[in-house]
Amino acid sequence: MTNNNLLELCRNTTNLSATQINLLQRIERILPFTADLTMANIGLFIYAKSSDKFLIADYIKPHTAYTPFHHSRIGCFRKVQEEPLIKYTMETGKSMQGKREWSWGKFIEMHTEAIFDSFGVVAVVSFEMQPTVAKVDGYSYLYKTACSLLSYSHKTLDISMFHPLASSDGIIIADKNNRIVFANSAAIKIYNILGVNNLIGYHLFDHQLSHRIIKETISSDRPYERELTADSITIVKRDIPIQSGGSLICRIVIVSDVTEVRKKDKELLIKSAVIQEIHHRVKNNLQTIASLLRLQARRTQSQEVKDALKESVNRILSISVVHEFLSQQQDEVIDVTQVTKNILTLISQNMLRPDFNLTTKFSGGTIILPSQQASNLALIVNELILNSLEHAFSHVHEGTIGLTITRTTDKYILDLYDDGPGLPEGFEKKQSQSLGLQIVKTLIEDDMNGKFELYNSNGTHAKITIPQNIRSD
């Protein structure tokens, strides 16, 4: 649930003031982390406008434990007499423990804690957990820390410190003197690798806990988080001090073994560098082929052959544009607008008459496509632009070529246009004989599962419609 949803829900169904709702919004942001910490479902209960009902303003399930029960739904109401523990805490402000039957003959542990403002109880937070969870050694420290968190969250805090936990994360709780009073099995396992057998009783900053660390990295944007590297393990350590009035109440330390993650990151970087180098070499090879074709064009006496080779050079270079982009970036995806601009630059250098002034226009955002589809689109754009230069601007000294991109829920629509005289009469018959347009039609309809249309509207428009999830055979 988002803060805005909670705001609307409380405004419409409770008598809470704006200040009280703001308090609950701050608390709500920390509930997912608190649920993970305590391995419990957490509910947020508020009196409805009719005080005989409770509004369930939020309900969170943890990532760190399996909880088959789901007794409550956000936005629902419960009769006050059906929730005796909530009622007791709401009326007295005192914590309460008991059991709730969630299925026939099956019970869960339930604890309740009051949320206060200066006028009294505003809401009640319920903790619902499996009986086995409540019996975990040192669980009282986890629960006490969670209650401290609820009070701590009254203040403005860096919510990124409290991003959710995973079941593999190690949890360490230290007291106000930084002595470790709780460590879960995941934390113990991680520190066993570092040569520490029993964490309980250690001072958090004891050299014994870090003597095998050979490298430490602190993120500038996350000063509470550091990465520690030993001989055989890499750990991300998150340090969360809980304070009141400037004094430390307790400290939560989350340790995550990211050894395999970092190993895979390194492998991906190497693979990415290799792929980039391949794209760079492919681009160079294509440009070499284009140079050979240019050389051949200069040697032939036939103007028809010269023109055919010139078109082939441009097709090859349009594909090389895509590989040039891919050689300069990490992702195997391409910005279509940028590719079109580069193809226009290439064509301007190779195909335009020296006295021709070409204006270009781009509107409607862009499309990001995988490399294979981007290569197809580069060829398509190349053919359509060459078509415009050959037929729309053959007898003039200036003209405009533009690209408009539109996105629907499931399709991309590209409108590549020029401001020339438009399609001539009998064009349909000529179209079937044009190699360039046959290439365009085949690539769009067969390879990209799209649709291709040519029509007149203050010039020639080539409308390309392709699905957002393009098949790649």
Side-chain angles (χ1 to χ4, degrees), residues 278-328 334 336 338-360 371-372 374-403 416-421 423-424 427 429-444 446-447 452 454 460 462 464:
I278 290 170
H279 284 302
H280 180 70
R281 293 187 183 188
V282 169
K283 179 205 75 170
N284 287 346
N285 289 340
L286 289 171
Q287 290 179 340
T288 300
I289 293 168
S291 296
L292 291 171
L293 290 176
R294 284 197 197 99
L295 184 62
Q296 188 67 39
R298 284 197 293 269
R299 287 172 174 253
T300 184
Q301 302 301 314
S302 168
Q303 188 58 43
E304 187 177 351
V305 172
K306 284 181 184 288
D307 292 342
L309 288 174
K310 209 170 186 182
E311 285 184 5
S312 295
V313 165
N314 242 73
R315 286 173 185 141
I316 291 167
L317 290 177
S318 70
I319 297 173
S320 80
V321 166
V322 173
H323 287 283
E324 184 174 17
F325 275 111
L326 292 170
S327 71
Q328 296 170 357
I334 296 291
V336 170
Q338 198 58 49
V339 165
T340 305
K341 289 178 180 177
N342 279 36
I343 290 172
L344 275 166
T345 301
L346 272 174
I347 290 174
S348 298
Q349 293 170 351
N350 294 292
M351 303 291 288
L352 280 185
R353 304 190 309 272
D355 62 337
F356 187 82
N357 180 29
L358 179 65
T359 301
T360 58
S371 58
Q372 177 59 49
S375 294
N376 286 345
L377 205 57
L379 263 177
I380 291 164
V381 167
N382 178 78
E383 296 300 330
L384 293 173
I385 291 173
L386 286 177
N387 229 39
S388 289
L389 293 177
E390 182 180 352
H391 300 291
F393 307 132
S394 57
H395 303 297
V396 294
H397 297 288
E398 62 180 9
T400 298
I401 290 178
L403 175 66
L416 191 66
Y417 61 89
D418 62 54
D419 62 353
L423 300 171
F427 170 76
K429 186 176 180 180
K430 293 180 182 177
Q431 179 181 2
S432 62
Q433 300 170 354
S434 166
L435 174 61
L437 290 178
Q438 284 177 12
I439 291 172
V440 169
K441 192 174 174 62
T442 300
L443 288 174
I444 293 172
D446 295 348
D447 286 14
F452 176 58
L454 279 172
T460 303
I464 303 164

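These numbers come from a predicted model, not from an experiment. For this chain, numbers begin at 1 and follow the sequence in order.
Residues Leu403 and Val381 are not in side-chain contact: their nearest non-hydrogen atoms beyond the backbone lie 4.5 Å or more apart. Residues Asn342 and Gln338 form a side-chain contact, since some pair of their non-hydrogen atoms from C-beta on lies under 4.5 Å apart. Side-chain contact between Asn387 and Val440 is absent, with no heavy-atom pair separated by less than 4.5 Å.
Rounded to the nearest 0.5 Å, atoms CD (Gln296) and NZ (Lys306) are 10.0 Å apart. Between atom OG1 of residue Thr400 and atom CG of residue Asn357 there is a gap of 8.5 Å, rounded to the nearest 0.5 Å. With rounding to the nearest 0.5 Å, the separation of OG1 in Thr442 from CD1 in Ile439 is 8.0 Å. In this structure, CD1 on Ile316 lies 11.5 Å from CG on Asn285, to the nearest 0.5 angstrom. Taken to the nearest 0.5 Å, the CD1 atom of Ile380 stands 8.5 Å off from the CG atom of Asp447.
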Under the side chain to side chain contact (heavy atoms under 4.5 Å, CB included) criterion, do Thr359 and Asp419 qualify, and how do the steps go?
CA-CA 10 Å; Thr359 301; Asp419 62 353; over 6 Å; no
Apply side chain to side chain contact (heavy atoms under 4.5 Å, CB included) to residues Glu304 and Asp307 and explain how you reach the verdict.
CA-CA 5 Å; Glu304 187 177 351; Asp307 292 342; 5.8 Å; no
Between Leu344 and Leu358, does a side chain to side chain contact (heavy atoms under 4.5 Å, CB included) hold up when you go through it step by step?
CA-CA 9 Å; Leu344 275 166; Leu358 179 65; 4.0 Å; yes
Show your reasoning for whether side chain to side chain contact (heavy atoms under 4.5 Å, CB included) applies to Val313 and Ile289.
CA-CA 8 Å; Val313 165; Ile289 293 168; over 6 Å; no
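Judged purely by atom type and a 3.5 angstrom limit, Asn376 has no side-chain atom pairing as donor or acceptor with the backbone of Leu443. When atom types are taken as modelled, the side chain of Ser312 and the backbone of Ala308 share a donor-acceptor pair closer than 3.5 angstrom. Listed for the Asp418 side chain is a donor-acceptor partner under 3.5 Å among the backbone atoms of Thr460.
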